[in-house]
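Being a predicted model, the structure only gives us computed values, none of them experimental.
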Amino acid sequence: MANIVAIINHKGGVGKTATTANLGAALSIRGKRVLLIDMDAQANLTDCLGISTEMEKTIYQAMKGQIPLPIVRNEDGLELVPSCLDMSAIEMEIIQKYAREQILHRLLQPMQDRYDYILIDCPPSLSILTINAMTASDSIIIPVEAEYLAMRGMGRLTNVIRDVKNNLNPNLHISGILITKYDKRKNFNQDIKEIIRETFQGDVFNTSIRTNVAIGEATASKHDIFHYAPKSTGAEDYSTFCDEFLARESTNH
């Protein structure tokens, strides 16, 4: 059975898409069967893995019930369910649907035996799409940028996670909070790290993703960090993070 993980933060620009792509690539390198799902109307994950955002078959048609989940493979061998700009209309289109929070859960059921890990890149909002991802998932990774505004809204996010756990998915748990864009030379980055650790106790991963230009360059070149710059600190951090994530998940299961 696949371990389904939603990568969530309703604040944009915190490294959700980079984390989805690079954790997926790191798991794949370790011999895991991985599927990535782009739930965002901006289709950033689709784009940054070199897949056209103009594909005929995307998660949009699947969410509307027209097709099963379409899976494409990028040139680095990662499997992805692509998104498209039409996803911005899906909220209105599924609002009347019965059990609309469980559409993704039902779409993923036939995939459960084909993969070890299914990673979902969520939109930067607490929308019905994010609720769908939480309802379908076993666990959640929350990327948080090491800056002062990072903590704003975290209470709201954890409340929504609690609501989903209580009402829709009793097995849901937070795998951990991942600090991104971290620069240990900046004192306030260290302060923020301490505040996040104090606030969330054991929920914070020991690994932080350091600020590294290669992560952004990899995205622009349509590759994950391991194919683009395997010797970079970005690759080192995501590799270490992957090992820590796997260790955590083995104790949770």
Side-chain angles (χ1 to χ4, degrees), residues 1-11 14-37 39 45 78 105 108 111-113 115-122 130 133-146 150-151 154-155 157-162 164-166 168-182 184 192-210 212 215 224-226 233-253:
M1 291 287 279
N3 186 341
I4 305 175
V5 185
I7 289 98
I8 295 176
N9 191 328
H10 55 299
K11 191 172 177 296
V14 296
K16 276 193 304 291
T17 299
T19 296
T20 309
N22 294 321
L23 175 59
L27 288 165
S28 182
I29 289 165
R30 284 156 181 74
K32 308 294 185 189
R33 297 168 303 163
V34 182
L35 177 65
L36 306 179
I37 298 184
M39 283 289 276
L45 181 64
L78 286 174
H105 173 68
L108 285 176
M111 307 282 169
Q112 290 272 19
D113 296 333
Y115 296 97
D116 301 310
Y117 287 90
I118 298 175
L119 307 182
I120 308 169
D121 186 22
C122 295
T130 303
M134 290 189 200
T135 305
S137 294
D138 301 298
S139 63
I140 291 171
I141 292 171
I142 306 172
V144 174
E145 202 176 345
M151 300 295 288
M154 283 294 280
L157 176 56
T158 47
N159 286 341
V160 173
I161 293 169
R162 193 178 309 118
V164 171
K165 186 178 170 71
N166 290 340
L168 294 163
N169 181 3
N171 300 320
L172 186 66
H173 66 273
I174 295 175
S175 178
I177 291 163
L178 174 67
I179 297 172
T180 61
K181 303 186 182 179
Y182 179 70
K184 67 175 187 292
I192 295 296
K193 193 173 186 175
E194 288 313 308
I195 292 167
I196 294 171
R197 284 194 189 288
E198 281 166 26
T199 309
F200 294 100
Q201 305 290 321
D203 275 343
V204 185
F205 287 104
N206 292 323
T207 313
S208 298
I209 307 299
R210 287 168 287 182
N212 178 232
I215 295 173
D224 60 79
I225 190 69
F226 302 100
T233 56
E236 186 186 318
D237 290 349
Y238 273 113
S239 185
T240 307
F241 166 58
C242 180
D243 290 335
E244 187 182 355
F245 166 74
L246 286 170
R248 277 197 183 207
E249 289 303 296
S250 66
T251 56
N252 279 322
H253 280 261

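The CD1 atom of I120 sits 10.5 Å away from atom CG of L36, with the distance rounded to the nearest 0.5 Å. Put simply, CD on E244 and CG on N206 are 4.5 Å apart, with the number rounded to the nearest 0.5 Å. The distance from the CG atom of L246 to the CG atom of L23 is 7.5 Å, given to the nearest 0.5 Å. L157 CG to M134 CE: the interatomic distance, rounded to the nearest 0.5 Å, is 5.5 Å. Of the inter-residue distances, the one linking I142 atom CD1 with S175 atom OG reads 10.0 Å to the nearest 0.5 angstrom. The NZ atom of K193 sits 9.5 Å away from atom NZ of K184, with the distance rounded to the nearest 0.5 Å.
Looking only at side-chain heavy atoms (C-beta outward), I161 and I8 stay at 4.5 Å or farther from each other. Using a 4.5 Å heavy-atom cutoff, the side chains of H10 and T130 are not in contact. Looking at heavy atoms from C-beta onward, D113 lies in side-chain contact with M1 at the 4.5 angstrom threshold. Using a 4.5 Å heavy-atom cutoff, the side chains of I177 and M154 are in contact. Side-chain atoms of K16 and T180, non-hydrogen and from C-beta on, never get closer than 4.5 Å to each other.
No donor-acceptor distance shorter than 3.5 angstrom exists from the side chain of D224 to the backbone of A21, with no hydrogens or angles considered. In this structure, the side chain of R33 does not engage the main chain of A2 through any donor-acceptor pair within 3.5 Å. Panel note: side chain S28, backbone G24; no donor-acceptor pair is recorded below 3.5 Å. Between the side chain of N169 and the backbone N or O of T135, at least one donor-acceptor pair lies under 3.5 Å. The main-chain N or O of I4 is found under 3.5 Å from a side-chain atom of D138 such that the two form a donor-acceptor pair.
Of all heavy-atom pairs between T158 and F200, the closest is CG2-CE2, 4.0 Å. Contact record, G31 with D116: O-OD2, 4.4 Å, taken as the closest heavy-atom pair. Contact record, S239 with R30: OG-NH2, 2.7 Å, taken as the closest heavy-atom pair. The shortest non-hydrogen separation linking F226 to A235 is CE2-O, 3.3 Å. When all heavy atoms of F241 and I141 are compared, the closest pair comes out as CZ-CD1, 3.9 Å. The two residues Y117 and F245 come nearest to each other via the heavy atoms CE2-CE2, 3.7 Å.
Side-chain contact check for D121 and T17: at least one donor-acceptor pair (N or O, by modelled atom type) lies under 3.5 Å.
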### Message
Before you tell me yes or no, could you show the steps for I209 and I215 under side-chain contact (heavy atoms from CB on, under 4.5 Å), namely the whole-Å CA-CA distance, both residues' side-chain angles and the distance that decides it to 0.1 Å?
### Response
CA-CA 10 Å; I209 307 299; I215 295 173; 3.7 Å; yes

### Query
Which is it for T207 and Y238 under the side-chain hydrogen bond (donor to acceptor under 3.5 Å, both in side chains) test, yes or no, and what are the steps along the way?
CA-CA 8 Å; T207 313; Y238 273 113; over 6 Å; no

